Amino acid sequence: MLKKAGYAIVFALSGVWACDRTEPPVPERGRTVLIYMAADNSLDHYAVTNLKHIAEGMKGVGGRVLIYADRRYDVPRLLKIRGGEKPLLDTVKTYAEENSASPVTLHRVLEEMRALCPSESYGLILWSHGMGWLPENYSFPTGQMRRREWDFGIPTKWFGQDVHRGEDSGREYMEIDRLAESLEGHFDFILFDACFMSSVEVLYELRDKADYFIVSPAEIIAEGFPYDRIMPYLYGGADDLKRVCREYFDYYAYTPSSLYGANSATVALVKAEELDTLAETMRGIVGENDGVAAAEVWRYPLSTSSLPDVFYDLGDYVKTVGTDEQRARFQEQLKKTVVDKRATSEFFGKPVPDDKFSGLSVYIPQSRWQSMNEVYSHLSWYQTVYRH
(Lines give C-alpha, C1' and ligand atoms only; values in the text may rest on other atoms or scores of the structure.)
Protein backbone atom coordinates (compact mmCIF):
# COMPACT_ATOMS: atom_id res chain seq x y z
CA MET A 1 0.00 0.00 0.00
CA LEU A 2 2.85 2.42 0.79
CA LYS A 3 4.46 1.79 -2.57
CA LYS A 4 1.23 2.44 -4.45
CA ALA A 5 0.78 5.76 -2.69
CA GLY A 6 4.35 6.74 -3.55
CA TYR A 7 3.91 5.89 -7.22
CA ALA A 8 0.75 7.99 -7.38
CA ILE A 9 2.69 10.99 -6.18
CA VAL A 10 5.44 10.34 -8.71
CA PHE A 11 2.93 10.33 -11.56
CA ALA A 12 1.28 13.49 -10.24
CA LEU A 13 4.61 15.33 -10.22
CA SER A 14 6.03 13.96 -13.46
CA GLY A 15 3.89 16.24 -15.61
CA VAL A 16 5.13 19.27 -13.72
CA TRP A 17 8.75 18.19 -13.97
CA ALA A 18 8.41 17.85 -17.72
CA CYS A 19 8.23 21.64 -17.85
CA ASP A 20 11.78 23.03 -17.99
CA ARG A 21 12.06 26.79 -18.34
CA THR A 22 14.48 29.46 -17.25
CA GLU A 23 12.96 32.67 -15.93
CA PRO A 24 14.73 36.02 -15.73
CA PRO A 25 15.39 37.20 -12.18
CA VAL A 26 12.61 39.35 -10.79
CA PRO A 27 13.37 41.40 -7.67
CA GLU A 28 10.91 40.51 -4.94
CA ARG A 29 10.41 41.83 -1.45
CA GLY A 30 10.23 39.47 1.48
CA ARG A 31 11.97 36.14 1.86
CA THR A 32 12.90 33.30 -0.43
CA VAL A 33 13.26 29.85 1.13
CA LEU A 34 15.59 27.30 -0.47
CA ILE A 35 15.05 23.63 0.29
CA TYR A 36 18.23 21.72 -0.54
CA MET A 37 16.99 18.16 -0.89
CA ALA A 38 19.93 15.74 -1.10
CA ALA A 39 17.77 12.68 -1.69
CA ASP A 40 20.04 10.58 -3.92
CA ASN A 41 19.95 7.87 -1.28
CA SER A 42 17.50 5.71 0.68
CA LEU A 43 15.27 8.73 1.40
CA ASP A 44 14.12 9.13 -2.21
CA HIS A 45 10.59 7.88 -1.51
CA TYR A 46 10.13 10.43 1.28
CA ALA A 47 11.36 13.24 -0.97
CA VAL A 48 8.43 12.64 -3.31
CA THR A 49 5.93 12.84 -0.45
CA ASN A 50 7.58 15.95 0.97
CA LEU A 51 7.50 17.71 -2.42
CA LYS A 52 3.76 17.16 -2.58
CA HIS A 53 3.31 18.49 0.95
CA ILE A 54 5.50 21.55 0.27
CA ALA A 55 3.24 22.51 -2.63
CA GLU A 56 0.16 21.98 -0.47
CA GLY A 57 1.65 24.07 2.32
CA MET A 58 2.21 27.04 0.01
CA LYS A 59 -1.50 27.49 -0.65
CA GLY A 60 -2.45 31.00 0.41
CA VAL A 61 1.14 31.83 1.39
CA GLY A 62 2.58 35.04 -0.03
CA GLY A 63 6.10 33.73 -0.40
CA ARG A 64 8.42 31.92 -2.74
CA VAL A 65 10.32 28.67 -2.38
CA LEU A 66 13.07 27.11 -4.48
CA ILE A 67 13.81 23.40 -4.21
CA TYR A 68 16.99 21.73 -5.35
CA ALA A 69 15.94 18.08 -5.61
CA ASP A 70 18.55 15.43 -6.32
CA ARG A 71 16.56 12.20 -6.30
CA ARG A 72 17.92 8.69 -6.58
CA TYR A 73 16.16 7.74 -9.79
CA ASP A 74 16.10 11.10 -11.55
CA VAL A 75 18.54 13.81 -12.53
CA PRO A 76 18.83 16.81 -10.18
CA ARG A 77 16.35 19.63 -10.77
CA LEU A 78 15.80 23.14 -9.50
CA LEU A 79 12.11 23.63 -8.78
CA LYS A 80 10.16 26.74 -7.93
CA ILE A 81 6.88 27.34 -6.13
CA ARG A 82 5.21 30.72 -5.82
CA GLY A 83 2.60 30.71 -3.09
CA GLY A 84 -1.00 31.66 -3.68
CA GLU A 85 -4.42 30.11 -4.05
CA LYS A 86 -3.12 27.67 -6.67
CA PRO A 87 0.59 27.04 -6.04
CA LEU A 88 2.43 25.62 -9.04
CA LEU A 89 5.55 23.49 -8.91
CA ASP A 90 7.69 24.40 -11.92
CA THR A 91 11.08 23.12 -13.06
CA VAL A 92 13.47 26.05 -13.50
CA LYS A 93 16.62 24.06 -14.32
CA THR A 94 17.64 20.49 -15.04
CA TYR A 95 21.18 19.31 -14.35
CA ALA A 96 23.33 16.38 -15.35
CA GLU A 97 23.86 13.77 -12.63
CA GLU A 98 26.01 15.36 -9.93
CA ASN A 99 27.07 15.03 -6.32
CA SER A 100 24.58 16.82 -4.06
CA ALA A 101 26.78 16.00 -1.03
CA SER A 102 29.50 18.21 -2.47
CA PRO A 103 29.98 21.68 -0.94
CA VAL A 104 30.75 22.90 -4.47
CA THR A 105 27.26 21.88 -5.62
CA LEU A 106 25.58 23.44 -2.60
CA HIS A 107 27.54 26.66 -3.07
CA ARG A 108 26.52 26.85 -6.75
CA VAL A 109 22.86 26.28 -5.94
CA LEU A 110 22.95 29.09 -3.37
CA GLU A 111 24.43 31.41 -5.98
CA GLU A 112 21.67 30.41 -8.41
CA MET A 113 19.07 31.10 -5.74
CA ARG A 114 20.30 34.66 -5.24
CA ALA A 115 20.53 35.26 -8.99
CA LEU A 116 17.07 33.86 -9.80
CA CYS A 117 15.28 35.13 -6.69
CA PRO A 118 16.86 38.32 -5.36
CA SER A 119 15.09 38.93 -2.05
CA GLU A 120 15.38 40.94 1.11
CA SER A 121 16.25 37.81 3.07
CA TYR A 122 16.62 34.06 2.74
CA GLY A 123 15.80 30.91 4.65
CA LEU A 124 17.48 27.55 4.10
CA ILE A 125 16.31 24.00 4.70
CA LEU A 126 18.96 21.28 4.49
CA TRP A 127 17.18 17.98 3.84
CA SER A 128 19.01 14.65 3.83
CA HIS A 129 20.68 12.14 6.10
CA GLY A 130 22.67 13.59 9.02
CA MET A 131 25.11 12.49 11.71
CA GLY A 132 25.88 15.62 13.70
CA TRP A 133 29.57 16.48 13.93
CA LEU A 134 30.79 12.92 13.28
CA PRO A 135 33.11 12.67 10.27
CA GLU A 136 32.36 10.73 7.11
CA ASN A 137 34.59 7.81 8.05
CA TYR A 138 33.74 7.68 11.77
CA SER A 139 34.65 4.41 13.40
CA PHE A 140 34.21 3.12 16.93
CA PRO A 141 35.51 -0.15 18.37
CA THR A 142 33.08 -2.99 17.61
CA GLY A 143 32.66 -3.73 21.28
CA GLN A 144 31.22 -0.24 21.83
CA MET A 145 28.30 -0.73 19.45
CA ARG A 146 25.02 -1.21 21.26
CA ARG A 147 22.09 -3.15 19.92
CA ARG A 148 19.08 -1.83 21.70
CA GLU A 149 16.00 -3.79 22.55
CA TRP A 150 13.93 -1.22 20.63
CA ASP A 151 16.06 -1.50 17.49
CA PHE A 152 13.08 -2.04 15.17
CA GLY A 153 14.40 -0.49 12.00
CA ILE A 154 12.76 2.93 11.79
CA PRO A 155 14.22 4.85 8.81
CA THR A 156 15.84 8.11 9.91
CA LYS A 157 18.07 10.86 8.50
CA TRP A 158 21.64 12.14 8.74
CA PHE A 159 23.09 14.92 6.58
CA GLY A 160 24.67 14.93 3.18
CA GLN A 161 24.70 11.54 1.49
CA ASP A 162 24.87 11.04 -2.27
CA VAL A 163 24.87 7.56 -3.81
CA HIS A 164 25.26 8.51 -7.48
CA ARG A 165 27.91 11.18 -7.90
CA GLY A 166 27.88 11.70 -11.63
CA GLU A 167 31.06 10.34 -13.19
CA ASP A 168 32.34 9.17 -9.80
CA SER A 169 31.23 6.04 -8.02
CA GLY A 170 30.48 5.29 -4.40
CA ARG A 171 28.82 7.28 -1.69
CA GLU A 172 29.91 10.68 -0.48
CA TYR A 173 29.02 12.79 2.54
CA MET A 174 29.48 16.44 3.46
CA GLU A 175 31.70 17.22 6.44
CA ILE A 176 30.51 20.01 8.74
CA ASP A 177 33.52 22.27 8.15
CA ARG A 178 33.01 21.94 4.38
CA LEU A 179 29.33 22.67 4.85
CA ALA A 180 30.21 25.86 6.71
CA GLU A 181 32.58 26.93 3.92
CA SER A 182 29.90 26.41 1.26
CA LEU A 183 27.23 28.50 3.03
CA GLU A 184 28.18 31.89 1.66
CA GLY A 185 25.96 34.73 2.80
CA HIS A 186 23.56 34.87 5.72
CA PHE A 187 20.14 33.32 6.36
CA ASP A 188 17.27 34.28 8.62
CA PHE A 189 17.11 30.63 9.59
CA ILE A 190 18.60 27.25 8.74
CA LEU A 191 16.34 24.27 9.32
CA PHE A 192 17.97 20.85 9.34
CA ASP A 193 15.53 18.16 8.28
CA ALA A 194 18.19 15.63 9.25
CA CYS A 195 19.19 13.65 12.34
CA PHE A 196 21.41 14.79 15.22
CA MET A 197 22.02 18.31 13.91
CA SER A 198 21.19 20.09 17.19
CA SER A 199 24.73 19.21 18.15
CA VAL A 200 26.32 22.21 19.82
CA GLU A 201 29.50 21.45 17.87
CA VAL A 202 27.64 21.70 14.54
CA LEU A 203 25.77 24.87 15.41
CA TYR A 204 28.87 26.57 16.77
CA GLU A 205 30.63 25.81 13.48
CA LEU A 206 27.72 27.46 11.62
CA ARG A 207 26.97 30.25 14.11
CA ASP A 208 27.79 33.06 11.65
CA LYS A 209 25.56 31.64 8.91
CA ALA A 210 22.07 32.26 10.31
CA ASP A 211 20.04 34.08 12.94
CA TYR A 212 18.26 30.91 14.07
CA PHE A 213 18.56 27.16 13.71
CA ILE A 214 15.65 24.72 13.79
CA VAL A 215 17.19 21.38 14.66
CA SER A 216 16.77 18.03 16.38
CA PRO A 217 19.37 16.71 18.84
CA ALA A 218 18.11 13.17 18.22
CA GLU A 219 17.02 11.26 15.14
CA ILE A 220 14.28 12.40 12.77
CA ILE A 221 11.87 9.82 11.44
CA ALA A 222 12.22 9.79 7.67
CA GLU A 223 8.82 11.40 7.09
CA GLY A 224 10.59 14.52 8.33
CA PHE A 225 8.92 17.87 8.96
CA PRO A 226 5.23 18.19 8.08
CA TYR A 227 5.68 20.69 5.26
CA ASP A 228 1.98 21.13 4.60
CA ARG A 229 1.79 22.56 8.14
CA ILE A 230 5.02 24.52 8.48
CA MET A 231 5.34 26.36 5.14
CA PRO A 232 3.19 29.37 6.17
CA TYR A 233 5.48 30.01 9.17
CA LEU A 234 8.78 30.08 7.28
CA TYR A 235 8.32 33.70 6.23
CA GLY A 236 8.02 35.37 9.64
CA GLY A 237 10.15 36.11 12.68
CA ALA A 238 11.11 34.22 15.82
CA ASP A 239 7.53 33.61 16.93
CA ASP A 240 6.71 31.98 13.61
CA LEU A 241 9.83 29.83 13.82
CA LYS A 242 8.67 28.69 17.25
CA ARG A 243 5.42 27.74 15.56
CA VAL A 244 7.42 25.58 13.12
CA CYS A 245 8.84 23.72 16.11
CA ARG A 246 5.38 23.33 17.60
CA GLU A 247 3.89 22.01 14.37
CA TYR A 248 6.70 19.46 14.08
CA PHE A 249 6.22 18.37 17.68
CA ASP A 250 2.42 18.22 17.42
CA TYR A 251 2.61 16.13 14.26
CA TYR A 252 4.58 13.38 15.97
CA ALA A 253 3.11 13.74 19.45
CA TYR A 254 -0.57 13.74 18.52
CA THR A 255 -0.83 12.27 15.02
CA PRO A 256 -0.79 8.46 14.93
CA SER A 257 1.97 7.40 12.56
CA SER A 258 0.55 5.40 9.68
CA LEU A 259 4.02 4.12 8.88
CA TYR A 260 5.62 3.19 12.16
CA GLY A 261 3.33 3.84 15.10
CA ALA A 262 6.28 5.54 16.79
CA ASN A 263 5.47 9.02 18.06
CA SER A 264 9.00 10.23 18.67
CA ALA A 265 10.29 13.78 18.18
CA THR A 266 12.75 16.27 19.64
CA VAL A 267 13.20 19.78 18.26
CA ALA A 268 14.83 23.05 19.30
CA LEU A 269 15.02 26.65 18.10
CA VAL A 270 18.53 27.97 18.72
CA LYS A 271 19.52 31.65 18.60
CA ALA A 272 22.84 31.81 16.81
CA GLU A 273 24.17 35.05 18.31
CA GLU A 274 24.11 33.48 21.79
CA LEU A 275 26.36 30.54 20.89
CA ASP A 276 29.61 32.44 21.42
CA THR A 277 28.62 33.36 24.98
CA LEU A 278 27.45 29.80 25.58
CA ALA A 279 30.87 28.48 24.52
CA GLU A 280 32.70 30.96 26.74
CA THR A 281 30.49 29.99 29.68
CA MET A 282 31.15 26.33 28.98
CA ARG A 283 34.87 26.95 28.72
CA GLY A 284 35.08 28.02 32.34
CA ILE A 285 33.27 24.92 33.48
CA VAL A 286 35.05 22.11 31.65
CA GLY A 287 38.42 23.78 32.12
CA GLU A 288 38.15 23.27 35.85
CA ASN A 289 36.24 19.98 35.79
CA ASP A 290 37.85 17.63 33.30
CA GLY A 291 37.26 13.88 33.26
CA VAL A 292 33.54 13.78 34.08
CA ALA A 293 32.01 10.32 34.24
CA ALA A 294 30.07 10.17 30.98
CA ALA A 295 27.93 7.33 32.32
CA GLU A 296 26.20 9.82 34.63
CA VAL A 297 25.00 12.04 31.76
CA TRP A 298 21.73 11.45 29.91
CA ARG A 299 22.14 10.36 26.28
CA TYR A 300 19.73 10.76 23.39
CA PRO A 301 18.10 7.43 22.47
CA LEU A 302 19.16 5.84 19.20
CA SER A 303 17.24 3.52 16.91
CA THR A 304 20.42 2.35 15.22
CA SER A 305 22.84 -0.24 16.53
CA SER A 306 25.78 1.24 14.63
CA LEU A 307 26.60 3.97 17.15
CA PRO A 308 27.63 3.99 20.80
CA ASP A 309 26.27 6.68 23.11
CA VAL A 310 28.01 9.79 21.77
CA PHE A 311 25.16 12.34 21.73
CA TYR A 312 24.93 13.45 25.36
CA ASP A 313 22.62 16.21 26.54
CA LEU A 314 24.56 19.43 27.01
CA GLY A 315 22.45 20.75 29.87
CA ASP A 316 22.61 17.49 31.81
CA TYR A 317 26.37 17.33 31.24
CA VAL A 318 26.85 20.68 32.94
CA LYS A 319 24.78 19.48 35.91
CA THR A 320 27.47 16.90 36.62
CA VAL A 321 30.38 19.38 36.58
CA GLY A 322 31.19 22.79 37.96
CA THR A 323 30.15 24.70 41.02
CA ASP A 324 26.61 25.78 41.85
CA GLU A 325 27.48 29.29 40.65
CA GLN A 326 28.88 27.98 37.36
CA ARG A 327 25.85 25.79 36.74
CA ALA A 328 23.45 28.64 37.45
CA ARG A 329 25.32 30.96 35.06
CA PHE A 330 25.31 28.30 32.37
CA GLN A 331 21.59 27.57 32.74
CA GLU A 332 20.83 31.28 32.41
CA GLN A 333 22.82 31.43 29.16
CA LEU A 334 21.31 28.18 27.90
CA LYS A 335 17.82 29.71 28.16
CA LYS A 336 18.96 32.63 26.02
CA THR A 337 20.44 30.25 23.45
CA VAL A 338 17.72 27.60 23.16
CA VAL A 339 14.63 29.78 22.89
CA ASP A 340 12.20 26.92 22.23
CA LYS A 341 12.49 23.18 22.84
CA ARG A 342 10.01 20.33 22.65
CA ALA A 343 10.19 16.57 23.06
CA THR A 344 7.73 13.73 23.17
CA SER A 345 7.56 11.96 26.53
CA GLU A 346 9.23 8.93 24.97
CA PHE A 347 11.63 8.53 22.07
CA PHE A 348 11.82 5.10 20.45
CA GLY A 349 10.33 3.66 23.60
CA LYS A 350 12.72 5.33 26.03
CA PRO A 351 11.68 8.17 28.40
CA VAL A 352 12.77 11.73 27.68
CA PRO A 353 12.95 13.35 31.15
CA ASP A 354 11.97 17.03 31.27
CA ASP A 355 14.82 17.81 33.63
CA LYS A 356 17.38 16.15 31.32
CA PHE A 357 16.35 17.52 27.93
CA SER A 358 18.04 20.82 27.04
CA GLY A 359 17.60 20.71 23.24
CA LEU A 360 21.35 20.57 22.53
CA SER A 361 23.64 17.56 22.39
CA VAL A 362 27.37 17.46 23.07
CA TYR A 363 30.19 14.96 22.77
CA ILE A 364 32.20 14.13 25.88
CA PRO A 365 35.80 13.21 24.99
CA GLN A 366 36.69 9.84 26.48
CA SER A 367 40.01 7.99 26.67
CA ARG A 368 38.55 4.85 25.03
CA TRP A 369 37.95 6.81 21.76
CA GLN A 370 41.29 8.44 21.07
CA SER A 371 40.89 8.53 17.30
CA MET A 372 37.54 10.30 17.59
CA ASN A 373 38.99 12.69 20.15
CA GLU A 374 41.65 13.64 17.61
CA VAL A 375 38.98 14.47 15.01
CA TYR A 376 36.98 16.34 17.65
CA SER A 377 39.97 18.47 18.63
CA HIS A 378 39.87 20.22 15.25
CA LEU A 379 36.31 21.52 15.68
CA SER A 380 35.78 25.19 16.54
CA TRP A 381 33.78 24.23 19.65
CA TYR A 382 36.70 22.23 21.02
CA GLN A 383 39.17 24.99 20.18
CA THR A 384 37.10 27.51 22.15
CA VAL A 385 35.93 25.36 25.06
CA TYR A 386 38.92 23.12 25.77
CA ARG A 387 41.96 25.08 24.57
CA HIS A 388 43.39 27.65 26.99
Side-chain angles (χ1 to χ4, degrees), residues 126 130-134 158-159 176 179-180 189-220 238 241-242 244-245 248-249 264-286 292 294 296-302 307 309-322 326-344 347 352-365 376 379-386:
L126 295 171
M131 193 56 78
W133 67 272
L134 294 181
W158 34 274
F159 188 74
I176 295 305
L179 171 62
F189 70 86
I190 296 176
L191 185 158
F192 276 101
D193 197 348
C195 295
F196 301 122
M197 303 309 284
S198 193
S199 150
V200 71
E201 297 90 351
V202 170
L203 302 186
Y204 191 72
E205 204 78 28
L206 303 177
R207 65 194 184 281
D208 297 328
K209 304 300 182 180
D211 293 334
Y212 291 94
F213 298 101
I214 300 173
V215 277
S216 171
E219 289 166 283
I220 287 181
L241 298 181
K242 290 179 182 179
V244 172
C245 295
Y248 174 76
F249 169 80
S264 300
T266 64
V267 66
L269 179 64
V270 178
K271 192 172 184 179
E273 69 177 9
E274 297 292 344
L275 286 165
D276 277 315
T277 306
L278 186 75
E280 289 299 325
T281 305
M282 190 71 180
R283 176 178 180 172
I285 296 174
V286 299
V292 63
E296 300 177 13
V297 183
W298 185 72
R299 288 90 74 192
Y300 285 91
L302 307 170
L307 270 181
D309 291 314
V310 292
F311 295 106
Y312 295 86
D313 186 83
L314 177 62
D316 198 50
Y317 174 38
V318 172
K319 290 178 183 178
T320 66
V321 296
Q326 288 174 327
R327 289 193 291 268
R329 187 168 66 250
F330 176 84
Q331 289 299 324
E332 181 180 352
Q333 180 57 38
L334 183 63
K335 290 179 182 178
K336 295 178 182 179
T337 308
V338 182
V339 295
D340 192 81
K341 59 185 178 76
R342 300 168 188 270
T344 49
F347 199 96
V352 180
D354 287 340
D355 62 339
K356 304 282 188 182
F357 172 69
S358 71
L360 286 172
S361 73
V362 70
Y363 174 70
I364 301 175
Y376 192 69
L379 296 176
S380 298
W381 174 262
Y382 182 93
Q383 295 291 325
T384 299
V385 172
Y386 288 92

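The shown structure was predicted, so the numbers you read here are calculated from the model rather than taken from an experiment.
Without hydrogens or angle criteria, S358 side chain to D313 main chain gives no donor-acceptor distance under 3.5 Å. At least one donor-acceptor pair closer than 3.5 Å links the side chain of R327 to the backbone N or O of V321.
Residues I176 and M197 are in side-chain contact: their nearest non-hydrogen atoms beyond the backbone lie under 4.5 Å apart. Under the 4.5 Å side-chain criterion, counting only non-hydrogen atoms from C-beta, V339 is not in contact with L241. Annotation: side chain of V200 is not in contact with side chain of T337 (no heavy-atom distance under 4.5 Å). Between F357 and Y300 the shortest side-chain heavy-atom distance falls below 4.5 Å. Between S199 and W381 the shortest side-chain heavy-atom distance does not fall below 4.5 Å. Side-chain contact between S198 and L203 is present, with heavy atoms from C-beta onward closer than 4.5 Å. E201 places a side-chain heavy atom less than 4.5 Å from the side chain of Y376. You'll find the side chain of Y204 stays beyond 4.5 Å of the side chain of L379, heavy atoms only.
The shortest heavy-atom contact between L278 and F330 is CD1-CE1, 3.6 Å.
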Go through the steps to decide whether F196 and F311 satisfy the test ring-ring contact (aromatic ring centres under 6.0 Å, His included), and finish with yes or no.
-> CA-CA 8 Å; F196 301 122; F311 295 106; 4.3 Å; yes
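Considering OG1 of T320 and OH of Y312, their distance stands at 11.0 Å, rounded to 0.5 Å.
For D355, the CG atom is densely surrounded, since the number of other residues' heavy atoms within 6.0 Å is greater than 12.
Here K356 pairs with D316 in a salt bridge; the nearest charged N to carboxylate O distance falls below 4.0 Å.
A side chain to side chain contact (heavy atoms under 4.5 Å, CB included) with V318 is found for one member of T281, L334, V362, I285 and no other, namely I285. When each of K336, R207, K335, Q333 is checked for a side chain to side chain donor-acceptor pair (under 3.5 Å) with E274, only Q333 meets the rule.
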